[in-house]
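Please read these numbers as outputs of a predicted model, since none were measured by experiment. The sequence lines fix the lettering, A, B, ..., with proteins before strands; numbering per chain opens at 1.
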There are 2 protein chains.
Amino acid sequence: MDEQLSSRGRQILEAIIEDYIVTAEPVGSRTITRRHPMSLSPATVRNVMADLEEMGFLASPHTSAGRIPTDKAYRFYVNSLLSVRNIGRDEQEEILRRCSVAGKDMAEVLKETSRMLSSTSHYMGIVVAPRFDANIFRQIEFVRLGSRRILAILVSRNGTVQNRIIEADEEIPADDLVKMSNYLNELLEGLTIAQVRKKLLQEMQSDKARYDQLMARALALSTKTVNEDDAEVFIEGQVNIFDQPEFADVAKMKDIFRTFEKKSTILQLFDRALVAEGVQIYIGAESHLSDMPGMSLITSTYVTGQNTLGVLGVVGPTRMGYAKVIPIVDYTAKLVSRLLEME
Amino acid sequence: MDEQLSSRGRQILEAIIEDYIVTAEPVGSRTITRRHPMSLSPATVRNVMADLEEMGFLASPHTSAGRIPTDKAYRFYVNSLLSVRNIGRDEQEEILRRCSVAGKDMAEVLKETSRMLSSTSHYMGIVVAPRFDANIFRQIEFVRLGSRRILAILVSRNGTVQNRIIEADEEIPADDLVKMSNYLNELLEGLTIAQVRKKLLQEMQSDKARYDQLMARALALSTKTVNEDDAEVFIEGQVNIFDQPEFADVAKMKDIFRTFEKKSTILQLFDRALVAEGVQIYIGAESHLSDMPGMSLITSTYVTGQNTLGVLGVVGPTRMGYAKVIPIVDYTAKLVSRLLEME
DNA sequence: CATTAGCACTCGATTTGTTTGAGTGCTAAT
DNA sequence: ATTAGCACTCAAACAAATCGAGTGCTAATG
């Protein structure tokens with residue numbers, strides 16, 4: 001069934017896709033010949049288009065409209081047709097400028113990155129923050145707030161801070177708090193947060209803990225601190241989809257916004273991209289998410305050294321400017337990697 | 001011009017408003033007599049409605065449609081007609097349950113509160129976090145991340161944490177960091193963050209700083225830490241406005257979402273509510289924000305002791321269920337006050 | 001024999017016209 | 001003062017007519 005595509009077929013398919021990307025209207029044979037002068041008559045183009053439709057690259061909304069590319073067409077376009085042009089000098093600078101907000105903590109940087117992705121691509125920018133789990137323990141600190149209220153602050157090497165308020169069962173003197181943190185800091189030095197979690201459990205069951213009240217309490221406190229890991233997601237530029245004609249309909253809008261309101265769906269999606277390497281492209285149904293029909297996403301992981309930290313990317317309609325967005329995502333991911341590397 | 005409203009006039013106005021609140025359709029004389037049996041003929045109602053229109057309580061979209069309440073009508077309704085019914089037992093419990101997420105830091109609690117406000121009211125929930133400025137300094141801590149990278153952690157009495165990564169000009173030994181934080185903790189004890197800011201400036205210009213290198217550096221670092229105050233806003237349930245028929249139009253939707261995307265507008269609005277006390281109601285143009293025509297908001301401040309901490313509230317169409325939402329906002333504000341009080 | 005001109009045909013979108021019905025204001029009867 | 005009656009209005013809903021971009025097919029063409 002998969003007859004080879006003639007060179008002319010490719011050329012016409014490409015023309016159709018590119019036209020559709022900018023106009024969002026079904027494109028017909030006339031239009032093609034007008035906008036991409038290639039010394040062919042509409043009739044010929046029609047024949048070719050009929051072939052392309054049979055091969056599953058095109059679909060017609062109804063008999064007397066033009067044709068629109070299918071997911072398969074976009075896939076082919078991205079794989080074979082598209083010459084990923086290099087990222088523009090000015091774009092590059094814009095990205096660099098926007099991401100290099102000095103002195104901010106990581107969350108701020110990533111949020112700004114997401115915002116930048118959305119405004120340079122004109123679609124939605126998404127950044128999934130590194131799982132706290134993968135970070136390396138740096139220090140734990142306890143601050144007394146009230147007689148029993150204790151603020152626990154957990155710092156990891158890259159400067160991420162997690163804090164949590166703990167109600168202690170009984171009052172703990174300030175000195176003890178210092179001792180406790182000293183003890184823990186020594187104990188947990190150099191471990192990842194995931195390992196820290198395990199270690200704490202082990203320690204609590206060990207003999208030492210049973211004899212040393214203070215230690216036991218320290219362990220209990222820190223377990224409470226460290227015991228959850230909700231990955232953060234930054235989604236920005238949702239309003240951009242209002243400008244996409246294919247969603248210009250309140251019902252569809254609502255669906256989309258609902259989907260992106262609960263971030264778990266997105267997380268699930270991006271988690272898949274996390275295991276892959278480099279730029280990933282999911283076109284339409286390829287995302288296997290029925291919640292977002294007609295949308296594509298372009299993602300890339302960002303890393304430090306060998307470790308994959310997180311994923312970032314852009315979500316837009318399948319009819320998205322791949323040629324422009326792919327290099328943006330790619331460059332941004334590398335940039336963010338570099339920025340975090342320095343830490 | 002402000003002729004007195006007859007008791008019958010009030011009654012009919014109330015009927016119209018309440019009808020419009022549930023149907024969102026212009027209401028006519030027939031409808032009124034049908035739905036609110038009050039032994040009056042449509043013709044009579046018509047006469048009264050004409051009077052009400054002249055007085056500025058009603059407006060007709062066009063001659064042969066029913067009439068809709070004006071802002072003035074809602075204002076009158078809220079001031080004079082509305083009997084704020086007590087909050088329902090079950091609603092109260094729902095709110096209590098949703099807000100009492102133990103062990104979370106304040107940001108989480110407020111975010112959840114906002115989410116709760118939106119889902120119980122079916123409009124948009126907004127919570128403005130306390131200005132960090134007003135908090136009372138508790139402790140500052142420096143953590144070394146790299147040779148020159150230092151993480152500064154600022155804790156206030158109520159457990160709010162702000163942290164910031166600082167690039168130092170030169171390497172600072174760990175001991176010095178401890179000394180510095182000790183010095184600062186003593187210096188800043190008990191001040192509000194706003195005062196801290198001033199104090200730091202003063203100190204830096206004092207003689208001591210000129211002689212004591214270390215102290216000077218400590219001051220410089222902490223100034224960097226403390227030198228910004230971006231109030232946080234939690235806006236949740238934006239999708240709810242998709243269900244409001246008056247905004248069922250892509251252009252209006254877009255405007256609204258755009259407005260709420262940059263939170264500064266909202267902040268500006270809520271800042272005004274901050275100085276007032278208790279429940280505030282802004283109907284339509286009363287908010288003086290041309291960015292959100294046709295919307296009302298109901299806010300209340302939350303406090304601990306004498307201090308106003310922040311504002312929370314609900315934003316919806318002017319045609320909003322005031323009778324239901326007002327007690328919700330009121331109760332929630334009091335609850336949040338209580339929750340933070342305990343800290 | 002691939003290409004193209006020609007042509008009848010389709011079908012959504014747009015336009016125009018008609019009907020419907022909820023609503024109004026006014027007047028005259030109650 | 002209230003209401004029944006009536007002529008009038010106007011958006012919305014529906015239907016028919018028209019338009020036009022597009023199609024598939026066939027026959028002519030280089």
Side-chain angles (χ1 to χ4, degrees), chain A residues 3-13 15-17 19-20 22-70 245-246 248-250, chain B residues 3-13 15-17 19-20 22-70 245-246 248-250:
Chain A
E3 315 132 54
Q4 204 51 261
L5 221 49
S6 73
S7 128
R8 193 174 62 183
R10 294 156 141 264
Q11 212 182 337
I12 288 177
L13 182 57
I16 293 174
I17 293 174
D19 226 68
Y20 187 69
V22 317
T23 65
E25 302 273 302
V27 356
S29 50
R30 267 305 295 284
T31 330
I32 286 293
T33 54
R34 240 184 298 124
R35 273 200 275 256
H36 300 253
M38 50 175 78
S39 65
L40 278 181
S41 80
T44 315
V45 173
R46 270 207 290 285
N47 289 326
V48 178
M49 283 169 81
D51 296 347
L52 288 171
E53 179 161 7
E54 204 170 347
M55 287 190 250
F57 288 112
L58 296 178
S60 10
H62 55 87
T63 69
S64 78
R67 287 169 164 101
I68 61 176
T70 60
E246 47 263 78
D249 152 21
V250 183
Chain B
E3 314 132 53
Q4 203 51 260
L5 219 49
S6 73
S7 126
R8 195 174 59 184
R10 295 155 140 263
Q11 213 181 336
I12 289 177
L13 182 56
I16 294 174
I17 293 174
D19 227 68
Y20 187 70
V22 318
T23 65
E25 301 274 302
V27 356
S29 50
R30 268 303 296 284
T31 331
I32 286 293
T33 54
R34 239 184 298 124
R35 271 201 276 254
H36 300 252
M38 49 175 77
S39 65
L40 279 181
S41 79
T44 316
V45 174
R46 269 206 291 284
N47 289 327
V48 179
M49 283 168 81
D51 296 347
L52 288 171
E53 178 160 8
E54 204 169 347
M55 287 190 250
F57 289 112
L58 296 178
S60 9
H62 56 85
T63 70
S64 78
R67 288 173 163 99
I68 60 174
T70 60
E246 47 263 77
D249 151 23
V250 183

Asks: Among Ile17(A), Ile68(A), Ile32(A), exactly one meets side chain to side chain contact (heavy atoms under 4.5 Å, CB included) together with Val27(A). Which residue is that?
Replies: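 When Ile17(A), Ile68(A), Ile32(A) are each tested with Val27(A), the side chain to side chain contact (heavy atoms under 4.5 Å, CB included) holds only for Ile32(A).
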
Asks: Quick one: closest heavy-atom pair of Arg67(B) and Ala50(B), and the distance?
Replies: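 For Arg67(B) versus Ala50(B), the nearest heavy atoms are NH2-CA, 4.0 Å.
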
Asks: Just the endpoints, please: which first and last nucleotides of DNA chain D, 5' to 3', lie under 4.0 Å from a heavy atom of chain B?
Replies: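 Terminal contacting nucleotides, 5' to 3': dT2(D) to dA11(D).
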
Asks: Going by heavy atoms in the side chains, are Leu58(B) and Leu13(B) under 4.5 Å from each other?
Replies: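 Yes, their side chains come closer than 4.5 Å.
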
Asks: Name all residues meeting the side-chain hydrogen bond (donor to acceptor under 3.5 Å, both in side chains) criterion together with Gln11(A); count only those two or more places apart in sequence or in a different chain, and write none if there are none.
Replies: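 In terms of side-chain hydrogen bond (donor to acceptor under 3.5 Å, both in side chains), with neighbours along the sequence ignored, Gln11(A) is linked to no residue.
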
Asks: Could you tell me which residues satisfy side-chain contact (heavy atoms from CB on, under 4.5 Å) with Thr63(B), sequence neighbours excluded, listed by chain and number?
Replies: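 Per chain and number, Thr63(B) pairs via side-chain contact (heavy atoms from CB on, under 4.5 Å) with no residue.
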
Asks: Using a 3.5 Å distance criterion without hydrogens, assess whether the side chain of Ser29(A) forms a donor-acceptor pair with backbone atoms of Val45(A).
Replies: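 Between the backbone of Val45(A) and the side chain of Ser29(A) there is no qualifying donor-acceptor contact (under 3.5 Å).
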
Asks: State, with a plain yes or no, whether a side-chain heavy atom of Arg35(A) is found less than 4.5 Å away from one of Thr23(A).
Replies: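 Contact flag for Arg35(A)/Thr23(A) side chains = yes.
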
Asks: If you look at every heavy atom in Pro26(A) and Tyr20(A), which pair is closest and at what distance?
Replies: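 Reported closest heavy-atom pair: N-CE1, 4.0 Å.
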
Asks: Using OP1 and OP2 only, check whether a side-chain N or O of Arg8(A) sits under 4.0 Å from dT3(C).
Replies: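 Arg8(A) to dT3(C) OP1/OP2: side-chain N or O found under 4.0 Å.
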
Asks: Any chance you could encode DNA chain C as dot-bracket? Rule is Watson-Crick or G-U wobble with both distances under 3.5 Å; [ ] for pairs crossing earlier ones, | for another strand.
Replies: ||||||||||||||||||||||||||||||

Asks: Once rounded to the nearest 0.5 Å, what's the spacing between atom OG1 of Thr44(B) and atom CD1 of Ile12(B)?
Replies: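 Separation between the atoms: 8.0 Å.
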
Asks: Would you confirm whether Thr70(A), through its side chain, and Ala59(A), through its main-chain N or O, come within 3.5 Å as a donor-acceptor pair?
Replies: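 Not confirmed, Thr70(A) side chain does not pair with Ala59(A) backbone.
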
Asks: When you measure from every atom of DNA chain D, which of residues 24-36 of chain A have a heavy atom less than 4.0 Å away?
Replies: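 When residues 24-36 of chain A is checked for heavy atoms under 4.0 Å from DNA chain D, the hits, listed by number, are Gly28(A), Ser29(A), Arg30(A), Thr31(A).
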
Asks: What is the separation between atom CG on Asp19(B) and atom P on dG23(C), rounded to the nearest whole Å?
Replies: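 The answer, rounded to whole Å, is 10 Å.
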
Asks: Quick check: do Leu40(B) and Arg8(B) have side-chain heavy atoms less than 4.5 Å from each other?
Replies: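 Side-chain contact under 4.5 Å: yes.
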
Asks: Reading DNA chain D from 5' onward, which residue's closest nucleotide shows up sooner: His62(B) or Pro42(B)?
Replies: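 It is Pro42(B), whose closest nucleotide lies nearer the 5' terminus.
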
Asks: Please report the interatomic distance CZ(Arg30(B)) to OG(Ser41(B)), rounded to the nearest 0.5 Å.
Replies: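 So the gap between those two atoms works out to 11.0 Å.
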
Asks: All N/O contacts under 3.5 Å from nucleotides 28-30 of chain C to the protein, with atom names and distances to one decimal?
Replies:
none

Asks: How do Ser64(B) and Leu40(B) order along DNA chain D: which one's closest nucleotide is nearer the 5' end?
Replies: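 Closer to the 5' end of DNA chain D: Leu40(B).
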
Asks: Using only modelled atom types and a 3.5 angstrom limit, is any donor from either the side chain of Ser41(A) or the base of dT4(C) paired with an acceptor on the other?
Replies: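 In this structure, the two groups form no donor-acceptor pair.
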
Asks: Mind checking whether Met49(A) and Ile16(A) have side chains closer than 4.5 Å, heavy atoms only?
Replies: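 Yes; the side chains approach each other to less than 4.5 Å.
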
Asks: Please work out if Thr44(A) contacts a base, only the sugar-phosphate, or nothing of the nucleic acid, heavy-atom cut-off 4.0 Å.
Replies: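 Base contact.
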
